[in-house]
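Some notes on the structure that comes next.
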Amino acid sequence: MNKVLLIIQREYITRVRKKSFIIMIFVLPCLILGMGAAITFIAKDSDKLSDQQVVKVIDESGLFAGKFKNQPNLKFETSTKSFNEVKAEAMKDENLSALQIPVDYTKPDAIKISSKKKPGITIIEKVEREMNDIAVSNGMIKNHIDTALLHSIKSNISLSPMEITETGDNKTDLGANIGVGIACAILIYLALFIYGAQVMRGVIEEKTSRIIEVIISSVKPFQLMLGKIIGVGLVGLTQFSAWIILSVVSTKILGHSFASSPGIMGALATLQTIHFGKVLACFIFYFIAGYLLYSALFAAVGSAVDSETETQQFMMPITLPLLFTYILSVSILFRAPDSSLAVWLSIIPFTSPVAMVLRMPFGVPDWQLYLSMALLILGFLFTTYVAARIYRVGILMYGKKASFKELAKWFFYKE
Amino acid sequence: MLSIRNIVKQYAGHRALSDVSLEVKSGQVFGLLGPNGAGKTSLIRIINQITAPDSGEVYFNGEKLNQSHIDRIGYLPEERGLYKKMEIGEQMIYLARLKGLSRAEATRRLKIWFDKLGMETWWKMKIEELSKGMQQKAQFVATVLHEPDLIILDEPFSGFDPVNAEIIKDEILELNKKGATILFSTHRMESVEELCDSIALINKSQKILDGTVKGIRNSYRNATYLIEYNGEQLSFNGSQPFEVIEEKAGDDMEHTIKIKLAEGNTSNDVLQYLIPKTRVNMLQEVIPSMNEIFIEQVNLIR
């Protein structure tokens, strides 16, 4: 056991001392913050990204002209020229569109909009909405309905989602749940990959440098594998703790500087409705257990090859369930966190680390959580056992191209 | 010290060791000889408990080989290697601690070794900054730092230049004098006669010969002598107490003959026969070298 501690110590210290590790601690949060800022900035001002569009309206019906409301990016001009003349103008100017409204405009496909480029979907939607509004109010006027009165009695209803708990009703915010869930799923997915690959690279390094034979004349292969996995895992935990501390500190600072901005404070306030303690505890559990499950497999892959370029064929089946769950999680599952697909994925050990942390902020029944945890523990015990049997043979096989058949054979080797 | 009994090791498709038994006595320098692929490394890995035999046992100082013996053995594998990016001093201490030494003790001993082999300036260097020969030297130190009772060296001299090979050879002999038993494998015969007390010859997974170097060579004595004489060339008519195998005329009336004693005669009889006839410069028994025995035995099996 003492020897495993020594190995853990070496694996941990050599990695933590690297410059790249220290840089990563500071660079990654900056990158994420920067990316977030860029996305909000772009989303806010997306209208400014395109040039101002002009729509020349040729109104043959006489019902629409002059009633169009200009929008930030879209200007309407009434034209007395013929449709063909305006079309000729539009040929010369990319930002000009010609809109023809015939007398019998109610017929399907009667109204035409033409421009040099294909008319953009946003323009078409905006023009359609404008025209419908105009047509409706025209119709109301025709039937002597007071549109001003109608506007004043229009209601504006929105639901406030509440969660019933024993301590009273809590205001919940689906947006915050989705944000936290997806963030956790992405983090787990990345972490399993990054640190699993580090274990694999470590194993390959020992094998190619041939130090492996010296080491396993001192310790059992299993001790070496265990020491490496735990050592790298601790590096991962260190990195995550540093990130969490950094982000808590930076939100505190941001919180002060944005105190005047109600939008961000509101978002931060709704974040507090999530049970952070429970989510964090589960995140750490699924990070550790998922990491143990996958890193053992990564170690087995590392032992079977002579260089990193040969790992591809073995990596595929390992990474596939993870990739599959990840893609499903960020595209579909967050919309239906209690669907049976989501429930099953969060219970099966190979997919549960990603699927379960995604579901956590939405609340998960206890029995599902405990079942998933128990299965994950069984899962990593199983993969560690399988991986160790392949590993002990693989690390001594030089210059032999291993296949899956070969790996199976190694598994059944006696000591 | 080490008793290897009826070891069998089978790999998928081929047999690496079949029923090999060996005795290595305490304080010996034992040579494990054999052509490439004979099974030497397989046997060494079994002694190091890197792999386990399919059947058979290994006894270390009378006890069945187990984990507690690992710290008593030092192993220099044929394929050398260290962590490329780790500082040498730190790496040596790490390896010694894996063999059960405390950090303080490992540091103390390492300083002594570094002084002795002129490696004082290497402490903070990384392995990748050293030449191949320097790496080998460092690895040798790592092998013996925990002062093992049994030192196992797989092809220890490969990769050393003659000067460093000599230094390492002297160190091996000095460790042996201090009481360590040395087991080394090689296919270079020159080093065997110089270093080894006993040897075992392994070929195609089987042990075909073992014993002390002296004993083996003596058993290959076949009453052959080399004689050099000065004078007219002698002619033999069959009454002489030997049989001429080879005759070579040199310059200045010097002749060399290789003879085999006839039944019941000794070298003295040969001299008595020759002295009245010519002047004998030299009479020397021809004992086959280990190299000749090795080649003969290996070819015999083939």
Side-chain angles (χ1 to χ4, degrees), chain A residues 1-15 17-20 201-224 227-228 231 306 391-400 402-403 405-415, chain B residues 9-13 41-42 44-55 67 69-87 90-103 106 126-128 135 138-140 142-143 145-146 148 150-152 154:
Chain A
M1 216 46 224
N2 199 14
K3 289 179 178 178
V4 178
L5 281 180
L6 266 175
I7 295 167
I8 294 172
Q9 206 181 15
R10 192 201 85 86
E11 298 291 339
Y12 182 79
I13 288 174
T14 51
R15 282 186 173 77
R17 256 198 224 150
K18 273 188 197 157
K19 279 192 204 89
S20 57
R201 233 171 279 137
V203 172
I204 295 174
E205 185 207 345
E206 277 169 355
K207 202 181 161 185
T208 51
S209 72
R210 301 288 197 254
I211 194 173
I212 189 75
E213 212 160 323
V214 177
I215 306 250
I216 57 170
S217 71
S218 306
V219 299
K220 290 255 154 213
F222 181 67
Q223 291 176 310
L224 178 61
K228 188 172 282 295
D306 278 335
Y391 177 84
R392 85 210 143 113
V393 181
I395 44 173
L396 289 172
M397 294 283 174
Y398 305 124
K400 213 181 190 183
S403 60
K405 217 174 119 195
E406 198 91 16
L407 294 194
K409 225 188 271 169
W410 294 355
F411 175 80
F412 291 110
Y413 270 175
K414 284 186 288 165
E415 267 296 291
Chain B
K9 178 78 188 173
Q10 184 95 34
Y11 285 111
T41 300
S42 295
I44 285 175
R45 282 184 176 174
I46 287 169
I47 300 169
N48 277 304
Q49 300 180 59
I50 291 172
T51 52
D54 295 338
S55 70
Q67 286 289 307
H69 297 130
I70 278 179
D71 296 349
R72 305 306 332 135
I73 300 176
Y75 173 43
L76 180 72
E78 183 178 4
E79 300 267 14
R80 314 285 155 74
L82 294 164
Y83 288 111
K84 290 202 172 63
K85 307 237 179 250
M86 210 172 160
E87 285 172 9
E90 203 186 344
Q91 182 157 200
M92 303 281 109
I93 289 168
Y94 171 65
L95 292 174
R97 288 177 78 194
L98 282 182
K99 286 285 191 184
L101 242 55
S102 71
R103 172 178 280 279
K126 286 180 180 157
I127 285 289
E128 56 187 0
Q135 291 180 21
Q139 187 140 28
F140 176 77
T143 309
L145 198 60
H146 60 291
L150 175 64
I151 301 171
I152 299 175
D154 203 352

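A, B, ... follow the sequence lines: proteins, then strands. Residue 1 opens every chain. As a basis for the values below, the full set of heavy atoms in this structure was taken, side chains included, without hydrogen atoms, waters or symmetry mates. What you are looking at is a predicted structure, and each value in this text was computed from that prediction instead of being measured.
Among the candidates B:Arg80, B:Gln139, B:Arg97, the residue making the largest number of heavy-atom pairs closer than 4.5 Å to chain A is B:Arg97. Interface remark: of the candidates A:Val214, A:Thr14, A:Ile212, A:Thr208, A:Val214 forms the most heavy-atom pairs closer than 4.5 Å to chain B.
In this structure, CD in B:Gln49 is found 11.0 Å from OG in A:Ser218, a value given to the nearest 0.5 Å. Taken from NZ in B:Lys99 to CG in A:Leu6, the straight-line distance is 13.0 Å, to the nearest 0.5 Å. Within the model, atoms CD of A:Gln9 and OH of B:Tyr94 stand 9.5 Å from one another, a figure rounded to the nearest 0.5 Å.
Residues A:Val393 and B:Thr51 are not in side-chain contact: their nearest non-hydrogen atoms beyond the backbone lie 4.5 Å or more apart. In this structure the side chain of A:Arg10 never reaches within 4.5 angstrom of the side chain of B:Leu98, judged on heavy atoms.
The residues A:Arg17 and B:Glu90 are annotated as salt-bridged, a charged nitrogen and a carboxylate oxygen being separated by less than 4.0 angstrom. Salt-bridge check for B:Lys84 with A:Glu205: failed, with every basic side-chain N at 4.0 Å or more from each acidic carboxylate O.
Not counting sequence neighbours, the partners of A:Tyr12 by the side-chain hydrogen bond (donor to acceptor under 3.5 Å, both in side chains) test are A:Thr238. Taking the side-chain hydrogen bond (donor to acceptor under 3.5 Å, both in side chains) definition, one finds that B:Glu78 meets it with nothing, sequence neighbours left out.
Both the backbone and the side chain of A:Leu396 come within contact range of chain B, judged by heavy atoms closer than 4.5 Å. Only the side chain of B:Gln91 has a heavy atom closer than 4.5 Å to any heavy atom of chain A.
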